[in-house]
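Residue numbering restarts at 1 for every chain, and letters A, B, ... go by the order of the sequence lines.
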Amino acid sequence: MDTPQKLTRKDFVSDQEVRWCPGCGDYAILAAMQRTLPELGATRENTVFVSGIGCSSRFPYYMNTYGFHTIHGRAPAVATGVKLANPALDVWVVTGDGDGLSIGGNHLLHVLRRNVDLQILMFNNRIYGLTKGQYSPTSLVGAKTPSTPMGSIDMPLNPCAFALGANARFVARGIDTSTSTLGELFTAAYRHRGTSFVEILQNCPVFNDGEWEAVTMRDVASEHQLWVEHGKPLLFGKDRNRGLRLAAGGRHVEVVTIGENGVTEADVAVHDQTNRTLGFMLAQLALPGFPMAFGVLFCDPMPSYDATVGAQNADALTRLGTGDIDKLLRGGHTWTVE
Amino acid sequence: MDTPQKLTRKDFVSDQEVRWCPGCGDYAILAAMQRTLPELGATRENTVFVSGIGCSSRFPYYMNTYGFHTIHGRAPAVATGVKLANPALDVWVVTGDGDGLSIGGNHLLHVLRRNVDLQILMFNNRIYGLTKGQYSPTSLVGAKTPSTPMGSIDMPLNPCAFALGANARFVARGIDTSTSTLGELFTAAYRHRGTSFVEILQNCPVFNDGEWEAVTMRDVASEHQLWVEHGKPLLFGKDRNRGLRLAAGGRHVEVVTIGENGVTEADVAVHDQTNRTLGFMLAQLALPGFPMAFGVLFCDPMPSYDATVGAQNADALTRLGTGDIDKLLRGGHTWTVE
Amino acid sequence: MDTPVRPTDAEGREILDSVVIRFAGDSGDGMQLAGMQFTEATAVAGNDLATFPDFPAEIRAPAGTTFGVSGFQIHFASHDVLTPGDEPDVLVAMNPAALKVNLRDVPKGGLVILNTGAFTPGNLKKAGYTRNPLEDGTLDGYRTLEIDVSKLVLAAVEPHGLGTKDALRAKNLWILGLLYWLFSRDRTPTVEWLRRKFAKRPDLAEANIAALNAGHVYGETAELPTGISVYKIPKAHLSEGHYRNVTGNEALAWGLAAAGRLAQLPVFFGSYPITPASSVLHTLAGLKHFGVTTFQAEDEIAAICSAIGAAYAGVIGVTATSGPGMALKGEAMGLAIMTELPLVILDVQRAGPSTGMPTKTEQSDLFQAVWGRNGDSPLVVLAPATPGECFAFAIEAVRIALEYMTPVIVLSDGYIANGAEPWSIPNFADLPAITVKFRQDPTGFNPYLRDPETLARNWAKPGTPGLEHRIGGLEKDFDSGHISYDADNHQKMTDTRAAKVQGVANSLPEQTVDCGDDHGDLAVVGWGSTYGSIQQAVRRARREGLSVSHVHVRHMWPMPRNLHALLSRFERILVPELNTGQLVKILRAEYLVPAQPLDKTSGMPFRVSEIAQGIRDALAKP
Amino acid sequence: MDTPVRPTDAEGREILDSVVIRFAGDSGDGMQLAGMQFTEATAVAGNDLATFPDFPAEIRAPAGTTFGVSGFQIHFASHDVLTPGDEPDVLVAMNPAALKVNLRDVPKGGLVILNTGAFTPGNLKKAGYTRNPLEDGTLDGYRTLEIDVSKLVLAAVEPHGLGTKDALRAKNLWILGLLYWLFSRDRTPTVEWLRRKFAKRPDLAEANIAALNAGHVYGETAELPTGISVYKIPKAHLSEGHYRNVTGNEALAWGLAAAGRLAQLPVFFGSYPITPASSVLHTLAGLKHFGVTTFQAEDEIAAICSAIGAAYAGVIGVTATSGPGMALKGEAMGLAIMTELPLVILDVQRAGPSTGMPTKTEQSDLFQAVWGRNGDSPLVVLAPATPGECFAFAIEAVRIALEYMTPVIVLSDGYIANGAEPWSIPNFADLPAITVKFRQDPTGFNPYLRDPETLARNWAKPGTPGLEHRIGGLEKDFDSGHISYDADNHQKMTDTRAAKVQGVANSLPEQTVDCGDDHGDLAVVGWGSTYGSIQQAVRRARREGLSVSHVHVRHMWPMPRNLHALLSRFERILVPELNTGQLVKILRAEYLVPAQPLDKTSGMPFRVSEIAQGIRDALAKP
Ligand SMILES: Cc1ncc(C[n+]2csc(CCOP(=O)(O)OP(=O)(O)O)c2C)c(N)n1
Ligand SMILES: Cc1ncc(C[n+]2csc(CCOP(=O)(O)OP(=O)(O)O)c2C)c(N)n1
Ligand code: SF4
Ligand code: SF4
Ligand SMILES: [Mg+2]
Ligand SMILES: [Mg+2]
């Protein structure tokens, strides 16, 4: 590999004017990405962003890399084709809670279980932005939107819990405006070979303003956000003295405060990112009563789909030699007419 | 309600010749259903079976009830329409591992999260039967099928884990030939108001014979099957002396034997069917190393979608009175030309 | 505005016959709202009118950019109005980008009202102006009103204590006030509407009212340049009746609710949001007390499948979408065709292919509607011509679906969906009843028993004792309704499905001529939203003495029984369509008539002049 | 079998010109296998042949039922064979259900070979016989061979120690042995094949060989009824060359592999299993060493989308399906059209609508292929006429897709897919090269730069430095390739997309006449799998002196440049199709020629006699 000159943030900024509403959370995510890619040593030419349809899915236009703005919900399928055709590419998928979990739920499910080496970023604003504010599969019950004037009644999906149920091998959660942690999550996702799923809480100031405020506002952040780290105790709070204890029999989880009622740090559970059941529990934590969990909730690598496809193809080639069309056509019974 | 004469199994047998291969596991499931419905007091006229496409999806033709053999993967969506149009009907969905988890994964996901009052039976034979034996999303890695001559490489889905990740509120697992327990599961599913998901391990003697043998064969059943019951310890084995212990911190599960190494029944975890995380852990248990879990893995009822739709419609009616078309058309600015 | 020498009324107001105004500004400038309010006021003033909102595809594109420009055009007159007008007489340009995008459409001599406050260097650059068009002669030949609206608004709403950002939002009301004054409109309805809208924020209501009034006062007091005066457009001679403005999507939604009432059946509406169809869902979601259940599905396939399930269960199943969603629903339509269930599918077309231009209009889904499915899969296709007709056609679709047990597609488009026109409100009592017969009798029942006349199979509702039956997508035996792979039976069933749909023509009105004689040199055959432009062009041509008639097809499949005979009585046939030629091919294929296309695929409706030219060209051909 | 008085050869074998045999039995009776072996043996014997497998839709329906009957028909002759034959001369009926379903197709005088061992009361009842057809005169007028095959097989394989169930499975080989004797075929290839197939179970191999030999010996030794003798069908005069049997699906798969080699590009094949297309996936899955990657997707939409992604990444993207799957792929096809990516879509048609009759054949997806998408969305459609042509057309599809940067649909059908014919094997060296030009130069690059001649945009592969670009489903600016909502631009792009696809016709061969003159009283215009029946019917008609020609269209869209001119030289045009009239409407719409339909939708191919009748009727019309 040749070592090209070091790229900077600007190299990843395309010449297209960004067309999101003022104040949209997508701007921060875009900035984080443009900042992170050069740090990762990614190149423009080997990077591809594939998206579906939605405000979030406009993302590729703003990246000065290869990009494919496909059709609603199908980005994981298109990205699978891109990656299988050229596994040397770094393929990112950008999707929304509607694009990825409503019309595109099935493709997301299957790309996750197959473990194709992609980074999938789901911008979760709990709303359909582009179509002007209908509720989405992650909207909370009671959401009053143009299609639900009396409040929505569908139980929401939890993207990370869904991903874990789909046998995803890397599941993480971040916040649009926490750009430095976002960079770290992008890095971890990029490094993980296989499908990396990252849910990003994103504010849509136009149709669902403040949806995540209770978790993301600076003054509540430390109390309402639990940032997990592999091998570290599950601690949060301003003084990092609150933690999660897995109660008797391990089936219930509770919040404890170190120093109160005889609780010590030893009582606090330690994050094991290879434990799917623990990840599932963390993914479900919600206000009120619990902080919301962020960071890499689960990561347990396996050979990626594209790598195994490549290995099988190579194996066939070794065993059978480069295919010869003439031989192929003449296999089996043939006869000659003279 | 009038009390009609008591129906019997035969009343639920349609006049159509059953067109499955000899020895197909579907026969046993059909028999269990025909036996169970009269026991539940179900009526022919209020029962509807909706299915997709696949061998399993032929099921409705053999039930002397209403039935709709729809298109591949879409049964949950059609069934949602049936139930919303007439919530008084008992609506069952029959699907396969291909129909329900491959092409139909998204509809299954959404019907589960919405919690429409349906009973969904997934016949899991880990193969596409009707199209002659290609691997399915539940096939194990390495499955040699016509489309994977070198063995499949996709990581399989676990239907129950998927359902739990989709926020399903009733998740159970049974076995085609365990017809009495199947009856009990059908009963529990029927009684649960909301979407009840039942995975049924089914043998396809033609394209995937013996796939489940390691779990279902009579001689290994007691060692390899863990039948869970709410509030009861998670015990299995010929002598019911083996159990599951949730180890330190609750994150790991291990098999213990009562009476060995000082283990007593008190060490064995007790099944709590309202604990989603526990259900998720149980759903994942697999040979070797663990028995496979059967019975109601999770059940935590909430108002069903159809009931809430009905309530909202009724509420609107109460608040606004029966809609009047003339008033509707004359709402807002109008003027008269004479 | 018609001629330079103008008549005036008693109060000295210039009397105009017809005016076209285009409001143009940033997506955030509230142009749609201003346009809609002006529309209401104009309707109340008794003019006939037509409107054309033209949004950008972005939710709220960055301020000041050309792709963020939002437009609303209204054409109103003392005679009947058929289109929103080819060229604006008055252009309101709230910023440089709006001027840049729209000025080319304004004929010289037209009035351009400019918010000079927005002509900052930054905005000029964003709009792509290298020089200031206010100064470089760009506006030569136009009459202009250059006003620093931003400044005047701030001053006007200052007493209401709003922040600058909120205050500036009232710019659209200031302009509206000015236009109300210019065109002698009554402010009261807008004032009342503002009070209702901001019931919870009286401060905002009063600030907006202040802006409205300030604009009006500006007109009253400022020295307007010569050539600009107050105008009066006499009332139009609309036929008697009770009127309202209606958009196509509203009319579709209300028509469905009315159809439910007429059939005395609940309506189930399963849909997935998509521009420009979403507002049908939004409207129906508010009509629960009409027996309407709405279901926002996870995708278009689930939406139509849920409607099919509802139809199977015995209610009126409806789904709505636009082109890309239609493409997804094809397989499920086949299921409804095979199971012969009543189903209504609304397709509010937009410019394609693929995602295309979601907020622009086109008529390019006709082929898809008539022929876009696997297998020989006939169904019924209807196409209302105006926003108002959408009401009747929603009812007609339900009638046909229930009477013939068939899916029915209604083709609308973005132009009809969002465009408004005064609509003579029908009385419910005058609407045609829809009779529904559910099978009750188990004797001799099978699900594919047919009405010998309509060929409709009998509808047996789950819940009915003794009618338990199974249907599905596999071919069915003609006699028993069971699965059949028999060769002769498939032939018979294929023929029966085709005959049933063709038979719908028996219940349809004959094709009439929308303007002109039933024979002549040229028939201009249109369908859907091109109605107004064609009608006006044909009228114009007839006034010029040309032998031209307008035939507007509303039953696209099957087509009216007499259409072939009617078309045969014309020498030439011209088919203007907003696509690359679809109806024209169907007419040629069906009737072997030498119909010629007049196509446009720019995402915009036809101008009258384009059709007029097409007529001249067609008649000129050897 | 042609005439009652028959010539014999030196060894006293009756010489026949052509024979049609139908094997019919239970799904479990192995009829397809027997048919395929007989086909191989017949090919080796030097006859020309055509076959028609006809399966039930059920995997293995309950034994003995009529809907479980599986059939395989072979037509072989000393002259060239175009169809599997209208009526079987010989019917093998392994059980009462097989007799019930098939006897009506056998002309009186035909030979019926019956396995009496299966004519048990239970089986008779399952087949719907109230009386035993062996006894009630049903078979009067036929020549019959009534043999208790079951018993004889058990006896024959007894020494091999198989259980009764396994032993009975060899019935098909016993019958095959008898037919080999009757038609003078060599058993060796089958014996070898059995040894290969059961390499791991030599006991089974030997048992089956014993059954084969026993059937043969039975023929040699048993007293056959008069009128039945040993037949000899002389070799056909096939043109020189190396031959093999090939089915349409095999040929498609091999053609794709060859195209990859010709273009020197990898092939990516994304597909979801569906009858009758699945075996293309199965075949390609075994060709990994040809640079073919196969991907079994979660559904048809993912399948086509993965192929689009692969095309974007610079390889040959292909997807395959049948009707219902095609309906699902429509939206994604639009994306490929808008992004102008090369893509090959195989549609192996089956009888519809909806799920229809999955194992039966039809040509009813033509409309869907040409016009079944949202928006004006032109693409290329090809239709090979025979199993063998599938090879060349797979290559042609790839060539067009790459040369024009467009999706190309190849329409095959169940009949072509499964039917076999002797195929003159081409040499790879003789196949046309496919040149691919990836953009490399960043100077002045944008993704929508076009080749001025083909209008193909340039293909820039991710991984190429300096060519980073974004494409998608929104309308693109003609000049820059950026998103554009400009009206004139959409017009221009719509026109360009249409012109590009129409321009493909420039690279196509002119339409030739498949049989007959290039002018005359009647052109019989066909497409796809009806080739054989039409060809034979036209030849017959010409022998009768009628002025009839056969024009078989293989390029369905765009159509050959000279097709209009060619058709204009005929008085009448008849279009036989296995649908309710699709090509006929396209011809009328495009050329305004008075083409008339000859439709059949029974799920079965045309009989030659049906087309012959259609020709007579067409010529008789005033
Ligand atoms: C096939 C199809 N159906 C529907 C739409 C309309 N549509 C566009 S984006 C969208 C939802 C987007 O929601 P999300 O993915 O959450 O994106 P956001 O705009 O919130 O970022 C919908 C319904 C479409 N473009 N295509
Ligand atoms: C749209 C569509 N795609 C593909 C098919 C073909 N198909 C029919 S059934 C099936 C898979 C069935 O598998 P599963 O649901 O597991 O059912 P099983 O036969 O194993 O019971 C497929 C791929 C179809 N009928 N329709
Ligand atoms: S609508 Fe919401 S999500 Fe979309 S661009 Fe605007 S703020 Fe962002
Ligand atoms: S193929 Fe398998 S699943 Fe299908 S009917 Fe036969 S045995 Fe049952
Ligand atoms: Mg969203
Ligand atoms: Mg299966």
(request) Please flag which part of A/Ala311 lies under 4.5 Å from any non-hydrogen atom of chain B: side chain, backbone, both or neither. (result) neither
(request) Using non-hydrogen atoms and a 4.5 Å limit, figure out which bit of B/Arg245 sits close to chain A: side chain, backbone, both or neither. (result) neither
(request) Inspect the surroundings of CD in A/Glu254 and state if more than 12 heavy atoms from other residues, nucleotides or ligands are less than 6.0 Å away. (result) yes
(message) Which residues in residues 151-163 of chain B have any heavy atom closer than 4.5 Å to a heavy atom of chain A?
(response) B/Gly151, B/Ile153, B/Asp154, B/Met155, B/Pro156, B/Leu157, B/Asn158, B/Ala161, B/Phe162
(request) Quick one: list whatever passes side chain to side chain donor-acceptor pair (under 3.5 Å) with B/Ser196, sequence neighbours left out. (result) B/His192
(message) Please classify the contact between A/Val309 and chain B as side chain, backbone, both or neither, with a heavy-atom cut-off of under 4.5 Å.
(response) both
(request) Sequence neighbours left out, what passes side chain to side chain donor-acceptor pair (under 3.5 Å) with A/Ser51? Give chain and number order. (result) none
(request) Working to the nearest 0.5 Å, report the span between CG of A/Leu282 and OG1 of B/Thr277. (result) 9.0 Å
Output side-chain donor-acceptor pairs under 3.5 Å for residues 99-111 of chain B, partner residues at least two apart or in another chain, one line each.
from     : atom 1 : to       : atom 2 : distance (Å)
B/Asp99  : OD1    : B/Ile53  : N      : 3.0
B/Asp99  : OD1    : B/His72  : ND1    : 2.9
B/Asp99  : OD1    : B/Gly73  : N      : 2.6
B/Asp99  : OD2    : B/Thr95  : OG1    : 2.7
B/Ser102 : OG     : B/Tyr128 : OH     : 2.9
B/Ser102 : OG     : D/Glu298 : O      : 2.9
B/Asn106 : OD1    : A/Gly105 : N      : 3.4
B/Asn106 : OD1    : B/His110 : NE2    : 3.4
B/Asn106 : ND2    : A/Ser102 : O      : 2.5
B/His107 : ND1    : C/Glu298 : OE2    : 3.0
B/His107 : NE2    : B/Arg74  : NH1    : 2.9
B/His110 : ND1    : B/Arg113 : NE     : 2.9
B/His110 : ND1    : B/Arg113 : NH2    : 3.4
B/His110 : NE2    : A/Leu101 : O      : 2.7

(message) Could you measure the distance from the CE atom of A/Met281 to the CE atom of B/Met281? Nearest 0.5 Å is fine.
(response) 12.5 Å
